[in-house]
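Keep in mind that this is a model prediction, so the values were computed, not measured.
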Amino acid sequence: MKLVGISGAIIGSKTAIVVQKVLEEVKKMDPEIETELLDMKDYDVQFCDGRDPSAYTGDTKKVIDCVISSDFCLIGTPIYQASMSGVLKNLFDLIPIKALQQKVIGFVATGGTYQHYLVIENQLKPIAGFFRSYVAPGYVYVHDDHFNEYKEIIDPDVLERIERLALELVFMQKRLKTVD
């Protein structure tokens with residue numbers, strides 16, 4: 001089983017830190033699960049222009065193929081102007097509709113205001129519904145105040161939510177895998 005954690009940011013590091021922390025918790029729970037961090041800042045991805053996803057090349061093809069090859073996904077985004085990042089929206093536009101179909105998905109987000117957690121509920125979960133994905137019931141929203149000056153997550157409640165999200169992802173994936 002392969003879990004791909006997507007950090008949908010091209011600047012900053014907090015979103016990738018949170019995604020990586022969830023991936024680490026998953027590995028603790030089940031070392032046999034392969035995890036991969038797909039940090040969008042490491043790729044030069046083209047803007048979606050409506051062509052068939054298989055027609056893209058280079059980094060764009062690598063990113064699309066990585067998402068397609070996953071068994072389940074963890075998707076992270078910084079929140080800008082009360083919405084997901086443009087990088088993540090572009091990725092959703094690039095991948096084929098079947099790329100996330102019947103896959104378990106979990107969400108994390110980072111932001112500067114406490115109200116921005118609603119982006120997960122009001123934007124990301126409906127997108128998962130469009131893709132016909134199974135969504136983990138919990139999610140993690142991390143505010144700037146939850147990090148220390150070394151960009152380490154220090155809030156005990158956030159760390160507990162990270163652990164719980166990892167547990168939900170593994171539980172759901174294993175249960176759904178037995179149905180196949």
Taking distance alone, no hydrogens or angles, what donor-acceptor pairs closer than 3.5 Å link side-chain atoms of residues 74-87 to residues at least two apart or in another chain?
{"residue": "Thr77", "atom": "OG1", "partner": "Ser85", "partner atom": "N", "Å": "3.0"}
{"residue": "Thr77", "atom": "OG1", "partner": "Ser85", "partner atom": "OG", "Å": "3.4"}
{"residue": "Ser83", "atom": "OG", "partner": "Gln123", "partner atom": "OE1", "Å": "2.9"}
{"residue": "Ser85", "atom": "OG", "partner": "Gly8", "partner atom": "O", "Å": "2.5"}
{"residue": "Ser85", "atom": "OG", "partner": "Leu88", "partner atom": "N", "Å": "3.1"}

**Item:** Modelled atom types, side-chain donor and acceptor of Tyr56 and Asp49, under 3.5 Å
**Value:** yes

**Request:** Using the ring of Phe147 (Phe, Tyr or Trp, six-membered ring only), decide whether Lys14 places NZ or CZ under 6.0 Å from its centre and within 45 degrees of its axis.
**Result:** yes

**Asked** Taking the side chain as C-beta and beyond, is there a heavy-atom pair between Ser133 and Gln101 under 4.5 Å?
**Response** no

**Prompt:** CG of Leu165 to CD of Glu25: how many Å apart, nearest 0.5 Å?
**Reply:** 10.0 Å

**Prompt:** Within the side chain of Asn90, is there an N or O that forms a donor-acceptor pair under 3.5 Å with the backbone of Cys48?
**Reply:** yes

**Item:** Working for side chain to side chain contact (heavy atoms under 4.5 Å, CB included), residues Arg132 and Lys103
**Value:** CA-CA 8 Å; Arg132 305 292 189 253; Lys103 291 184 181 180; over 6 Å; no

**Item:** SB check Lys27 Glu24 (cutoff 4.0 Å)
**Value:** no

**Request:** Give a yes or no on whether Val26 and Val158 share a hydrophobic cluster (residues Ile, Leu, Val, Met, Phe, Trp, Tyr; joining criterion: side-chain heavy atoms under 4.5 Å apart).
**Result:** yes

**Request:** Determine whether Phe72 and Met172 make a side-chain contact, defined as any pair of heavy atoms from C-beta on separated by less than 4.5 Å.
**Result:** no

**Message:** For a side chain to side chain contact (heavy atoms under 4.5 Å, CB included) check, start with the C-alpha distance between Val170 and Ile33, then their side-chain angles and the critical distance, and finish with the verdict.
**Reply:** CA-CA 9 Å; Val170 171; Ile33 294 175; 3.9 Å; yes

**Message:** I need the Ser70 OG to Met1 CE distance, nearest 0.5 Å.
**Reply:** 12.5 Å

**Message:** Quick test of your reading of the model: are Arg164 and Glu160 salt-bridged, counting only N-O distances below 4.0 Å?
**Reply:** yes

**Asked** How many angstroms lie between CG in Leu169 and CD1 in Ile105, if you round to the nearest 0.5 Å?
**Response** 10.0 Å

**Fill in**
Distance col, row Thr35:OG1 vs Lys2:NZ, nearest 0.5 angstrom, shows 10.0 Å

**Request:** Flag the pair Leu94 / Pro53 as yes when at least one side-chain heavy-atom distance between them is below 4.5 Å, and no otherwise.
**Result:** no

**Prompt:** Are the side chains of Ile95 and Phe131 in touch, meaning some heavy atoms are under 4.5 Å apart?
**Reply:** yes

**Under 3.5 Å side-chain donor-acceptor pair for Ser7 and Lys41** = no

**Prompt:** Do Thr60 and Phe47 come within less than 4.5 Å of each other through their side chains, counting heavy atoms only?
**Reply:** no

**Message:** How long is the straight-line distance from CD1 of Ile127 back to CD1 of Ile120, given to the nearest 0.5 Å?
**Reply:** 12.0 Å

**Prompt:** Is there a side chain to side chain contact (heavy atoms under 4.5 Å, CB included) between Asp71 and Gln173 once you walk through the steps?
**Reply:** CA-CA 8 Å; Asp71 294 303; Gln173 179 63 23; 3.8 Å; yes

**Item:** Sub-4.5 Å side-chain heavy-atom contact between Ile97 and Phe130
**Value:** yes

**Asked** Of the non-hydrogen atoms in Ala136 and Glu168, which two are nearest, and what is the gap between them?
**Response** CB-OE1, 3.8 Å

**Item:** SB check Arg161 Asp157 (cutoff 4.0 Å)
**Value:** no

**Request:** Can you measure from CG (Asp59) to CD1 (Ile64) and round to the nearest 0.5 angstrom?
**Result:** 11.0 Å

**Asked** Where do Ile10 and Tyr43 land on the side chain to side chain contact (heavy atoms under 4.5 Å, CB included) test, with the steps shown first?
**Response** CA-CA 9 Å; Ile10 55 172; Tyr43 298 90; over 6 Å; no

**Val142 side chain near Val108 side chain, heavy-atom distance below 4.5 Å** = no

**Asked** Angle class for the Tyr114/His146 ring planes (parallel below 30°, perpendicular above 60°, tilted otherwise)?
**Response** perpendicular

**Asked** Do Val63 and Met40 come close enough that some side-chain heavy atom pair is under 4.5 Å?
**Response** yes

**Message:** Between Asp65 and Lys62 (salt bridge meaning N to carboxylate O under 4.0 Å), is one present in this structure?
**Reply:** no

